Amino acid sequence: MASKLPSTLLTWLVLSTCSLIFFYSKLLPLYPSSKPSKIPSSPPPTPCNLFSGKWVIDPRRRPLYDETCPFHRNAWNCIRNQRDNMNRINSWKWVPEECELHDIDPFEFMTLMRDKRIGFIGDSLNENFLVSLLCTLRVADMDAKKWKRKGAWRGAYFPKFNVTIAYHRAVLLAKYDQEINGVKGAYRVDVDIPAKEWAEIGGFYDVLVFNTGHWWGYDKFPKESPLAFYKRGKPIIPAPNMYEGLEIVLKNMVVYIEKEFPKTLKFWRLQSPRHFHGGDWNQNGSCLFDDPLKKFEVDLWFDPRNNGVNKEARLINELIIKALEETSIELLDLTHLSEFRADAHPATWLGKKDAVSVWGQDCMHWCLPGVPDTWVNVLWQLMKNRIGRR
C-alpha cells in the first residue's frame, strides 16, 4: 500500500494544477492588461467620390431655413428679394454616381463639433458658403449669436454646443496694399506674408476651409492699378503676370498653412463657377435660366479651350491642385457640381435699387437657400468621416 501513495499524490497534484489553470483562465478576461493590444486596426473605408454625379429633381425637397435667418446677406436672400422659381431652384438634389450624399443633420453636426471652432478664409464665395452653414445650423440652436473676433469679418457663436464658426475675408490670402514706397497706384502683394485678417488666428480653429481665385483677374486689378509681387520685402524679378503671381502666392501660403496648422483639419474649396451668358459681368452678361445646364453644355461654357467668359474657374483649379500635392490639405472639389447650376444665382434680384444698372447681374454668388446648401452637405459628410476617425 505504501508504494501506491506517491502515485496517488502525483495524480492529485496534476488534477489540482489543471483546475487552477482552468479557473485562472476564466478570471483573466475580467482583468484586462493595462497595455493596449498590438493588433493592427483594419484600414478605414475609402470614401466615395461625392464630386461626380448629376442633379435630379425632387419636388419634396425643402430647405432647412428661409428668409428670416439673421445671418443672411441681403443680396443673396433671394426669397426676400422675390427671385423667380425659388421653389424649383431648391428642388434639385445632387446625386453622386456611386454613392449617396446625405442631407446634413444640424443636431448631429453640432454634437460632433461640440466645443470646437470652424473657420472660413478667403473671398466672398467662402462667405456665401459660411452663410449657408450658419443658417442651416441655427436649426439646432436658435440662440446663436453674431460673432466677430480674432479678425473675423463675420460669424456666429452657438451657445448650446459651445461652437464658433466664422469667416475671415482675405481675397488674395496674401497681404496686399495699394501703395508702393509711399506712392498709391499698383497694389503690392507680399507673397510670403498672410493677410492680417487671418495671420493672428494661431491654433484657434479645429477646422479650416480656404479659398482664393475670384479676385485674380484684370477686372479687379486692371492695368491702371496692377499687382506687383514682393518676396522677403523685395520685388520679384522678372515681374510675374497675374496667374504666375497666383501660383507663387499659393505655394507660399500652403507652406505657411502646413507649418502653422499641423493638427488642424484643413480643406481647400476649389472654384465656384460663374455663369455669365452673352458677355461678362460688365458686358450685359446674364444668368436668367430656369433649369440647370445640360451635361453637354457644361464643357461648352467652362472648358478653357472654348475661350468663354467663364473659363477661369478650371484654369485656377489647375494651379490650386498642383500647389496642394503632397500636403495634408484636402481638396473640396465643388466646381463641377456647381457648373450645372446656371439657374441658381441672384441675377437681377439683388434687393437693392439700381444695383443691376451699377454692377450688372450677379451670376457669381449664389441664392440662399440654394446651391451652397449642397456644399454644406458635402463638407459635413467629409468632416464626419475625418473627425470620426481621429
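What you see is a predicted model, and the numbers here were worked out from it, not measured in a lab. Below, each value reflects all heavy atoms present in this structure, side chains not excepted, and no hydrogens, waters or symmetry copies.
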Quiz item: Looking only at heavy atoms, which two atoms of H72 and C135 are closest? And how far apart?
Solution: N-SG, 4.3 Å
Quiz prompt | hydrophobic_cluster_shared for Y256 and V191, side chain cutoff 4.5 Å | solution = yes
Practice problem: Could you tell me whether the side chains of D58 and S91 share a donor-acceptor contact shorter than 3.5 Å? | Solution: no
Practice problem: Fit a plane to each ring of W380 and F109, take the angle between them on a 0 to 90° scale, and name the class: parallel (under 30°), tilted (30 to 60°) or perpendicular (over 60°). | Solution: tilted
Quiz item: Is NZ or CZ of R154 both nearer than 6.0 Å to the six-membered ring centre of Y167 and within 45° of the ring axis?
Solution: no
Quiz item: Would you say W366's side chain and A344's backbone share a donor-acceptor pair under 3.5 angstrom?
Solution: no
Quiz item: Can you tell me if NZ on K311 sees more than 12 non-hydrogen neighbours from other groups inside 6.0 Å?
Solution: yes
Quiz item: Between T335 (side chain) and Q271 (backbone), is there a donor-acceptor pair under 3.5 Å?
Solution: yes
Practice problem: Please determine if D291 and R88 form a salt bridge, counting it only when a charged side-chain N lies under 4.0 Å from a carboxylate O. | Solution: yes
Quiz item: With distance as the sole test, does D105 use its side chain to make a donor-acceptor pair with the main-chain N or O of E108 at under 3.5 Å?
Solution: yes
Practice problem: Could you verify whether a donor N or O on one side chain and an acceptor N or O on the other, from S124 and H214, lie under 3.5 Å apart? | Solution: no
Exercise. Examine the side chains of H275 and H345 and answer whether a donor and an acceptor come within less than 3.5 Å of each other.
Key: yes
Quiz item: Do any N or O atoms from the side chain of E339 and from the backbone of P273 form a donor-acceptor pair under 3.5 angstrom?
Solution: no
Quiz item: Less than 4.0 Å between a side-chain N and a carboxylate O, is that true for R305 and D299?
Solution: no
Quiz item: Is any side-chain heavy atom of M253 closer than 4.5 Å to a side-chain heavy atom of P194?
Solution: yes
Quiz prompt | Any donor-acceptor N/O pair, R169 side chain to W153 backbone, under 3.5 Å | solution = no
Exercise. Please test F71 against W147 for ring-ring contact (aromatic ring centres under 6.0 Å, His included), starting from the C-alpha separation and ending with a verdict.
Key: CA-CA 10 Å; F71 304 115; W147 187 94; over 10 Å; no
Self-check item: V171 backbone acceptor or donor facing E197 side chain under 3.5 Å
Solution: no
Practice problem: Could you tell me how the ring of Y187 sits relative to the ring of F221: parallel (under 30°), tilted (30 to 60°) or perpendicular (over 60°)? | Solution: perpendicular
Quiz item: Counting N and O atoms only, with roles assigned by atom type, does the side chain of E258 sit under 3.5 Å from a partner on the main chain of V255, one being a donor and the other an acceptor?
Solution: no
Quiz item: Does a donor on one side chain and an acceptor on the other come within less than 3.5 Å for Q361 and S286?
Solution: yes
Quiz item: Does the R117 side chain pair with the main chain of F204, one donor and one acceptor, at a distance under 3.5 Å?
Solution: yes
Quiz item: Should E127 and R73 count as an ion pair when the cut-off is N to O under 4.0 Å?
Solution: yes
Quiz item: What is the minimum heavy-atom distance between L350 and N81, and which atoms define it?
Solution: C-ND2, 3.6 Å
Exercise. Taking all non-hydrogen atoms of both residues into account, name the closest pair between M110 and V163 and its distance.
Key: CE-CB, 3.9 Å
Quiz item: Would L293 and V56 show up in the same hydrophobic cluster when neighbours are defined by side-chain heavy atoms closer than 4.5 Å?
Solution: no
Quiz prompt | Y65 and D373: side chain donor to acceptor below 3.5 Å | solution = yes
Quiz item: Any sub-3.5 Å donor-acceptor pair from D143's side-chain atoms to P159's backbone N or O?
Solution: no
Quiz item: Do you know which two heavy atoms are closest between M383 and V207, and how far apart they sit?
Solution: CE-CG2, 4.1 Å
Practice problem: Step through the shown structure and confirm whether more than 12 heavy atoms of other residues, nucleotides or ligands are within 6.0 Å of NE2 on H277. | Solution: no
Exercise. Determine whether the side chains of R269 and N126 contain a donor N or O and an acceptor N or O closer than 3.5 Å.
Key: yes
Quiz item: In terms of ring plane angle, is the pair F340 and W94 parallel, tilted or perpendicular, where the classes change at 30° and 60°?
Solution: tilted
Quiz prompt | Row check, W55 ring normal vs R341 NZ/CZ: under 6.0 Å, within 45° | solution = yes
Quiz item: Short question: side chain of D280, backbone of N282 - any donor-acceptor pair under 3.5 Å?
Solution: no
Quiz item: Considering all heavy atoms of both residues, which atom of P369 and which atom of P63 are nearest to each other, and what is their separation?
Solution: CB-CB, 3.5 Å
Self-check item: Residue pair L50 / Q381, side-chain heavy-atom distance below 4.5 Å
Solution: yes
